[in-house]
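See below for the structure under consideration.
Letters A, B, ... mirror the listed sequences (proteins, then strands); counts begin at 1. No experiment lies behind these values; they were computed from the predicted model shown. In what follows, every heavy atom counts, from backbone to side chain, and hydrogens, waters and symmetry copies are set aside.
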Amino acid sequence: MISREEVEHVARLARLHFAEEELVRLQSELGRIISYVEQLAELDLSGVEGTSHAVALKNVMRPDEPAPGLNQAEATVNGPVVERGQFVVPRIG
Amino acid sequence: MRQDVSKAGGLVPLFGNGGWEAVIGLEIHVQLNTRTKMFCGCRVTFGEPPNTHVCPVCLGHPGVLPVINEKAVEYATRIALALECRIAEHTIFHRKNYFYPDLPKAYQISQYDLPLGVGGHLDVELEDGTLLPVGITRVHLEEDAGKLIHAGGASGRIDGADYSLVDFNRGGTPLVEIVTEPDIKSPEQARAFLMQLRNLVRQLGVSDVNMEEGSLRCDANVSVRRPEEPFGTKTELKNMNSFRFLHHGLEAEIERQIALLEAGESVVQETVHFDPVTGRVFTLRGKEEAHDYRYFPEPDLPPLELSREYVERIRASLPELPAARKERLIRQYGLSSKEAAILAADRPLADYFEAVAQATGEPRLSANWVLGDLSGYLNARGLDVEACPVTASALAELLGLVLEGTLSGKMAKEVFEAMAASGKCARDIVAERGLGQISDVAQLEAVVARVVEANPGPAEEYRQGRERVLGFFVGQVMKETGGQANPQLVNDLLRKHLGTAAKA
């Protein structure tokens, strides 16, 4: 299960705003998802390393060689507002 | 000769007069001077037009794949080894999730519970010559964020800004984060630690470590307590972008906490910013949220498993580190601890000194010159020794002229100035200016005999026991020789001649 406070906390972290009835619905839906995943806890996994990478690769690195990137116009083309080559964002805080 | 000042009585710096003790841990970020960024091939630059060194990876576009820069791993390993950390056999990257406009992916690729290096230490030489051992908790690799410029508003500060401009050139630059144990007890110690760390990293050649340009940054965790009591509540002090601000910021924050506690209030665990303009610390209370970074392993980056051979190869390639060099300079050249510390902290200057000392075979004279006249000359002009017009071999030649008696110490200073100004070698300047000191006994003896003979009155006075008259004769000999006579030799010869005349 997930508490109402946890739902609100996760929503805040994700910068999402929900109306009262949405919060009620989400609490119940998220609760069902968590219960579903929690079935995994029934397995005895003591002594099994957690898997953070599904493919058994390691030490994949590249040499420190410059590669071409984007120019300023290309880099900022998707910015809704751009000023002197920089992305404009609302005031912080 | 390690001396643990935290246990030495009377040396624990108690801050303020209320018997409070500060407890400080530092978090240092070092920007690596690799050619390219941590996870993409964009160049690492400074001061370029905005958003001109960016690509889909460092702009956080969807569907891109970061790839680790092998040089950044090598450089971070160098730093971790120089701080005597254990290098993890298995290390992975994590995503640290938070929203901020300078972080286009909404997560920073960093390291969490499996950092590259753990458990090191740096012994800091304090003003009074004692060593403060500072534990290094961890050393890890991460990427830098972009740069925000707060526009509009009057103050230019975050809280007064109308909007902000984002430049991602810096985004993705490799950073090494170094976290210390809370072993530091005063702003002076914090400053000494950071300076020593900067010297160390500079000698490794992996970063410019320049606080003003932001390639060295320092945050501090600060609390105060009565000695022997448990740690108090700590705050995180940010925004100290110079050694002076680090000192002032810590001082202000420690004073603030002591004042709160003495007023019966409590310290709130929060982030505190230092404002260099007012010299005060301020909080952005209410504008921050509790940190909840939801770290999880970065699925796009396979683990690093650095082999023992790799680590040992890097260890073997480390230059002689300042602490070891200091000890060697004392042992090999008989320098004082203070002289050795100055040289060991400045690798090019120490190299210069060693070259001069070896060429002349006279470490004492060489140290006096390198730390005296040479350093004075460099400091007055704001020059690095590498840019000094007088090379180590040129200085050695000059000192050779002093050692063979051709130049007095005073004349050598004059020749040094001329060498620095003209780039010419010592012998040429001596020849041009007719500066050579006369140390030829036969030549001087003739002058001395002549002078004594020409001044029978003063000679008689001398024989009556008026020692001071000797100065008159020295002056006469100097006049005759254009000031070039070797003063010690003149003294000896005059005593001999005046004495001889007496017997006669």
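No donor-acceptor distance shorter than 3.5 angstrom exists from the side chain of B/D275 to the backbone of B/V281, with no hydrogens or angles considered. With hydrogens and angles disregarded, no donor-acceptor distance shorter than 3.5 Å links the side chain of A/T51 to the backbone of A/H53. Judged by distance alone, the side chain of A/D44 and the main-chain N or O of A/S46 form a donor-acceptor pair under 3.5 Å.
Here the side chains of B/V176 and B/L32 are in contact, with some heavy-atom distance below 4.5 Å. Put simply, the side chain of A/I2 reaches to within 4.5 Å of the side chain of A/V7, judged on heavy atoms. Between B/P49 and A/R84, every side-chain heavy-atom pair lies at or beyond the 4.5 Å cut-off. Side-chain contact check for B/F274 versus B/V272: every heavy-atom pair is 4.5 Å or farther apart.
Using a 4.5 Å cut-off between heavy atoms, B/E298 contacts chain A through its backbone alone, with no side-chain atom that close. For a residue to count as touching a neighbouring chain, one of its non-hydrogen atoms must lie under 4.5 Å from one of that chain's; by this rule B/F39 touches chain A with the backbone only.
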Exercise for review: Any chance you could lay out the salt bridge (charged side-chain N to carboxylate O under 4.0 Å, His left out) test for A/R4 and A/E6, step after step, and finish with the verdict?
Suggested key: CA-CA 5 Å; A/R4 164 72 180 237; A/E6 285 171 315; over 6 Å; no

Exercise for review: Check the pair B/D300, B/R95 against salt bridge (charged side-chain N to carboxylate O under 4.0 Å, His left out), reporting the backbone distance first and the verdict last.
Suggested key: CA-CA 10 Å; B/D300 289 340; B/R95 291 187 182 180; 3.4 Å; yes

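Annotation: B/Y163 is not in aromatic contact with A/F87 [ring centroid separation under 6.0 Å not met].
The two residues B/T91 and B/L114 come nearest to each other via the heavy atoms OG1-O, 2.6 Å. What you find for A/V89 and B/P101 is that their closest heavy atoms are CG2-CB, 3.8 Å.
By number of non-hydrogen pairs under 4.5 angstrom with chain A, the leading residue of B/T34, B/V57, B/T52 is B/T34. Among the candidates B/L301, B/V73, B/D167, B/I92, the residue making the largest number of heavy-atom pairs closer than 4.5 Å to chain A is B/L301. Interface summary for chain A: among B/R35, B/R43, B/K71, B/K37, the most heavy-atom pairs under 4.5 angstrom belong to B/R35. Comparing B/A72, B/P56, B/C40 by heavy-atom pairs within less than 4.5 Å of chain A, the highest count is held by B/C40.
For B/K96 and B/Y293, the positive end sits near the middle of the six-membered ring, less than 6.0 Å away and at most 45° from its axis.
Using a 4.5 Å cut-off between non-hydrogen atoms, the part of residues 68-76 of chain A that approaches chain B consists of A/G69, A/L70, A/N71, A/Q72, A/A75, A/T76. Scanning residues 138-147 of chain B against chain A with a 4.5 Å heavy-atom cutoff picks out nothing at all. Proximity to chain B at a heavy-atom threshold of 4.5 Å picks out A/N59, A/V60, A/M61, A/R62, A/P63, A/D64, A/E65, A/P66 from residues 59-66 of chain A, in numerical order. Residues of residues 22-33 of chain A having a heavy atom under 4.5 Å from any heavy atom of chain B: none.
Counting heavy-atom neighbours within 6.0 Å of B/E48 CD, excluding the residue itself, gives a total above 12. At most 12 heavy atoms of other shown residues, nucleotides or ligands fall within 6.0 angstrom of atom NE2 in A/H17. Counting non-hydrogen atoms of other residues, nucleotides and ligands closer than 6.0 Å to CZ of B/R217 gives a total above 12. For OH of B/Y112, the number of neighbouring non-hydrogen atoms (other residues, nucleotides, ligands) closer than 6.0 Å is 12 at most.
Classification of the B/Y98-B/Y100 ring pair by plane angle, with boundaries at 30° and 60°, yields tilted.
B/R313 and B/E309 are not joined by a salt bridge, as no carboxylate oxygen comes within less than 4.0 angstrom of a charged side-chain nitrogen.
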